[in-house]
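These figures come from a predicted structure and were not determined experimentally. Counting starts at 1 for both ligands and their atoms, in listed order.
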Amino acid sequence: MTQRKPLIAGNWKMNLNHFEAIKLVQKLAFALNDKDFDKVEVAVLPPFTDLRSVQTLVDGDKLRIVYGAQDLSQYDAGAYTGEVSGAMLAKLGCTYVTIGHSERRQYHGEDEDLVNAKVQAAYRHSVTPILCVGEPLSVRQEGGHIAYCLAQLDGALRKIGAEQAKSIVVAYEPVWAIGTGEVATPEDAQEACGALRMRLAELYDTEVASGIRILYGGSVKSGNIKGIMAQPDVDGALVGGASIDADEFAKICRFSDMPG
Ligand SMILES: O=C[C@H](O)COP(=O)(O)O
């Protein structure tokens, strides 16, 4: 089976200005060592306004932390006030960009077509999408969560060929577990991540599917990461609230050193 290096990505959401960003990344770099980075890829996803400062710090100090943005425009340039293009993110050295986060879908009305257009935009500029999917509580209560997530995956990957899909990161984030303290059980995470991988195999092939990293997100903390990461189809975590505390985020990144 393909070896998938775990990815722990911190989505800061709309938190921390560029001074605070520098402080957090410095603290994180101090808390982690080369052995940690050999085992886990560590990414931070700050607000747009912090990216240049994070880039300067990462490049200047040759840190092994990678970084990315939380969104991008579907367009490459032009009269789109307030938007940030994939080309701009690439120029800032962004490795990743989250696309289709439930907060974008919910508060900014992002639908499947827009998510798909953004995935294509990210690939045009060689920025790797972290594609978020996940069901709201009502859907889970009705038992439709797997079908819901698979439909989101299908929609997002339209017109994306195997060569591009190989590098995508998918994040399963049940909406009811985001910022609520209500973490999905490791079994819930495995059920969804396993189903997503099977669908990736149907859309592409088994080799492509077995190389794609699928993350879990939703109230991840140092106290629950170990159990989640023990699941065979979970390859990392997209961490929200706990990622703006450097010590806690570093502990999450070191999940493999935890006892039990
Ligand atoms: O992108 C991260 C997720 O929305 C999870 O956020 P959370 O860890 O605060 O629940």
For ligand 1, list all ligand N or O to protein N or O distances below 3.5 Å, rounded to 0.1 Å.
| unit_1 | atom_1 | unit_2 | atom_2 | d |
| --- | --- | --- | --- | --- |
| ligand 1 | 1 (O) | N11 | ND2 | 2.9 |
| ligand 1 | 1 (O) | H101 | NE2 | 3.1 |
| ligand 1 | 1 (O) | E173 | OE2 | 3.2 |
| ligand 1 | 4 (O) | K13 | NZ | 2.7 |
| ligand 1 | 4 (O) | H101 | NE2 | 2.8 |
| ligand 1 | 4 (O) | E173 | OE1 | 3.4 |
| ligand 1 | 6 (O) | K13 | NZ | 3.2 |
| ligand 1 | 8 (O) | S219 | N | 3.4 |
| ligand 1 | 8 (O) | G240 | N | 2.9 |
| ligand 1 | 9 (O) | G241 | N | 2.8 |
| ligand 1 | 10 (O) | G179 | N | 2.6 |
| ligand 1 | 10 (O) | S219 | N | 2.7 |

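- Qualifying side-chain contact (heavy atoms from CB on, under 4.5 Å) partners for Q70, counting only residues two or more places apart in sequence or in other chains: N11, W12, L45, P47, T98.
- Using a 4.0 Å cut-off between charged nitrogen and carboxylate oxygen, E20 and K23 do not count as a salt-bridge pair.
- Neither side chain, E163 nor Y204, offers a donor N or O lying under 3.5 Å from an acceptor on the other.
- Legend: residues meeting side-chain contact (heavy atoms from CB on, under 4.5 Å) with F48, ordered by chain and number and at least two apart, are L51, A69, D71, V84, L89.
- The pair R197-D235 meets the salt-bridge criterion, with a side-chain N (NZ, NE, NH1 or NH2) lying under 4.0 Å from an Asp/Glu carboxylate O.
- The side-chain hydrogen bond (donor to acceptor under 3.5 Å, both in side chains) analysis of residues 38-48, with sequence neighbours excluded, yields the pairs D38-R64, K39-D257, E41-Y96, E41-R213.
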